[in-house]
Structure formats: C-alpha cells, structure tokens
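A quick write-up on the structure given underneath.
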Amino acid sequence: MDGNGRWASQRGLPRVMGHRAGVEALRKIIEVSLDIRLKYLTIYAFSTENWKRPTNEVKALMGLLVEYIERELVDLHQKGIKIKPIGDLTALPPKVLVKVEEAVKRTKQNQKLVLQIALNYGGRKEILNAVQKIAQQVAIREIAPTEINEALITEYLYTKGIPEPDLLIRTAGELRLSNFLLWQTAYTEFWFTDVFWPEFTPEHFSQAIKDYAQRQRRFGGLQEN
Ligand code: FPP
C-alpha cells in the first residue's frame with residue numbers, strides 16, 4: 001500500500017492522514033475482490049522493517065489497525081471474509097494482538113475471501129523461522145535431512161495452505177519486493193503503477209487484473225498450444 005505518506009505530504013497533511021486514506025482505498029478493493037469472487041487477497045500492512053519509522057507513525061499505524069478491526073469486524077464477518085495475519089505477531093503491542101486474535105477467531109470459518117494481513121512480516125524472517133523449526137524436527141529425528149524439500153518448507157511458512165500469489169501489485173512507483181513473500185512469489189506476475197495507494201481505485205485494480213489475464217505464464221516451461 002505504498003504512497004500513503006507521499007499522498008499526505010503532497011496535500012500538506014500529516015503522514016498518518018495518508019494511512020487513513022489508505023484504509024479507505026483498501027475498503028473499496030476488498031469490495032471488488034468479493035464482487036469478482038477473488039479467493040485470496042494479501043496486504044502488506046506492516047513489515048519487520050517498519051519499526052524503524054518514528055514512534056508516532058508506528059503507534060498511528062497500530063492504532064489504525066485496531067480501529068479498523070473495531071469498526072469493520074462485524075461487516076467483514078457478515079461478508080464471509082476470513083482474517084488471517086501473517087508475520088511475527090509476538091512482537092505486536094498486546095492491545096493490537098488481542099484485537100487481531102479476536103478477528104481471527106470470529107472469522108475462522110469464513111470462506112468467501114481470505115484476507116491475509118502481513119503484520120510485522122518479513123520474507124527472510126519467515127524463511128528463517130521455517131528453517132529453525134525444520135532443524136528442530138531434524139534434531140529430534142522426526143524428519144530426515146533427505147526429506148527436506150520445497151513442499152516441506154512451504155508447510156512451515158506463515159502462508160501454509162494458501163496458494164502462491166498469481167499477481168502482485170506495487171503502487172507509488174516502487175520497483176522492489178521489499179522482503180514481501182520472498183519464497184511464494186517465485187512465479188508471481190508483477191504489476192506496477194505510479195499511483196499512490198490512497199488513489200488506487202477499483203478501476204486500477206481491474207486494469208491490473210486485465211493485464212494479468214493477457215500474460216502467458218510458463219513457469220519456466222514452454223508455452224502450451
Ligand atoms: C506504505 O506507505 C504503507 C504502510 C507502510 C502502511 C500501510 C498500513 C495501513 C494503510 C494501515 C493499517 C492496515 C490495515 C489493514 C487497516 P508509505 O508510508 O511507505 O508511504 P510513502 O512511500 O509515500 O512514504
């Protein structure tokens with residue numbers, strides 16, 4: 001959801017107002033996702049590196065998340081949305097953790113759309129965490145080193161059970177992966193736009209999906225007839 005800060009600065013507003021506008025943009029994108037029967041939507045809400053931001057911005061982002069859950073949980077639940085955080089949740093402030101856990105518990109049976117929220121998420125940390133857990137299993141001889149394969153590693157990621165993303169959208173002219181879903185995006189299609197996230201509309205989303213539909217995905221193989 002890049003560009004919230006720049007969107008606000010351009011208007012002489014505090015950065016947090018940009019994040020607030022970003023939440024509004026997100027709401028519309030979730031609506032369209034339901035309309036088009038998308039099954040999985042992952043949003044990068046807070047990275048392991050975002051702690052480096054000024055304390056007031058970190059606090060504001062955490063506050064926005066709490067506010068969002070408090071305000072939207074009933075509606076999200078009624079719409080059949082399953083909230084699934086990915087990331088190291090242990091480092092979240094207790095008040096945030098409680099709200100996130102409540103959202104997970106309330107929506108866990110929902111099946112229309114899985115909304116994965118990357119929270120204190122880092123792709124390297126996710127892989128490291130998987131490696132440590134697998135190593136523990138090897139140490140107690142539950143797993144033989146020869147049994148470690150790609151499928152097994154996938155099982156130990158936060159995204160276990162969720163398909164790899166087909167399409168990754170990056171806004172605000174950023175052309176990096178920024179530690180997002182490093183393992184899972186090996187064959188993901190990328191779509192970039194200069195539009196700041198608060199100005200990212202359902203029309204932009206449709207365009208991204210239309211462009212995606214034109215791509216030929218070969219997964220390293222040859223194009224099928
Ligand atoms: C990137 O823009 C945006 C973020 C790091 C935070 C996104 C989080 C929210 C919109 C709120 C909380 C989430 C939910 C699910 C309610 P930036 O700040 O890097 O903007 P810039 O690149 O213009 O500085």
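One-based numbering, in listed order, for ligands and for the atoms of each. What's counted below: heavy atoms across the whole structure, side chains too, no hydrogens, waters or symmetry copies. Note that this is a predicted model, so its numbers are computed, not measured.
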Of the protein's non-hydrogen atoms, which lies at the shortest distance from [atom], and what is that distance?
atom                    : result
atom 23 (O) of ligand 1 : Arg6 N, 2.7 Å
atom 13 (C) of ligand 1 : Ala45 CB, 3.8 Å
atom 20 (O) of ligand 1 : Gly5 N, 3.0 Å
atom 14 (C) of ligand 1 : Leu65 CD1, 3.9 Å
atom 1 (C) of ligand 1  : Met1 O, 3.2 Å
atom 5 (C) of ligand 1  : Asn50 OD1, 3.7 Å
atom 4 (C) of ligand 1  : His19 CE1, 3.9 Å
atom 15 (C) of ligand 1 : Ile43 CD1, 3.6 Å

Original post:
Does ligand 1 have any atom sitting under 4.0 Å from a heavy atom of Ala172?
Top reply: no

Original post:
Measuring from the heavy atoms of Arg15, does anything fall under 4.0 Å of ligand 1?
Top reply: yes

**OP:** Determine whether the side chain, the backbone, both or neither of Arg53 has a heavy atom under 4.0 Å from any heavy atom of ligand 1.
**Re:** side chain

Under 3.5 Å, is there a donor on one side chain and an acceptor on the other for [X] and [Y]?
X      : Y      : value
Glu199 : His204 : no
Arg20  : Tyr68  : no
Tyr40  : Gln116 : no
Glu126 : Gln184 : yes
Arg170 : Thr193 : no

Original post:
Any idea which atoms of ligand 1 are less than 4.0 Å away from a heavy-atom of Gly3?
Top reply: 2 (O), 20 (O), 21 (P), 22 (O), 23 (O)

Original post:
Counting from 1, what ligand 1 atoms have a heavy atom of Tyr68 closer than 4.0 Å?
Top reply: 16 (C)

**OP:** Would you indicate whether the side-chain heavy atoms of Ser47 and Asn179 approach each other to under 4.5 Å?
**Re:** no

**OP:** For atom CE of Met62, decide whether the heavy atoms of other residues, nucleotides or ligands shown that lie under 6.0 angstrom number more than 12.
**Re:** yes

Original post:
Should the pair Trp191 and Phe200 be assigned to parallel (<30°), tilted (30 to 60°) or perpendicular (>60°) ring geometry?
Top reply: perpendicular

Original post:
Would you call Glu70-Lys95 a salt bridge at under 4.0 Å N-O?
Top reply: no

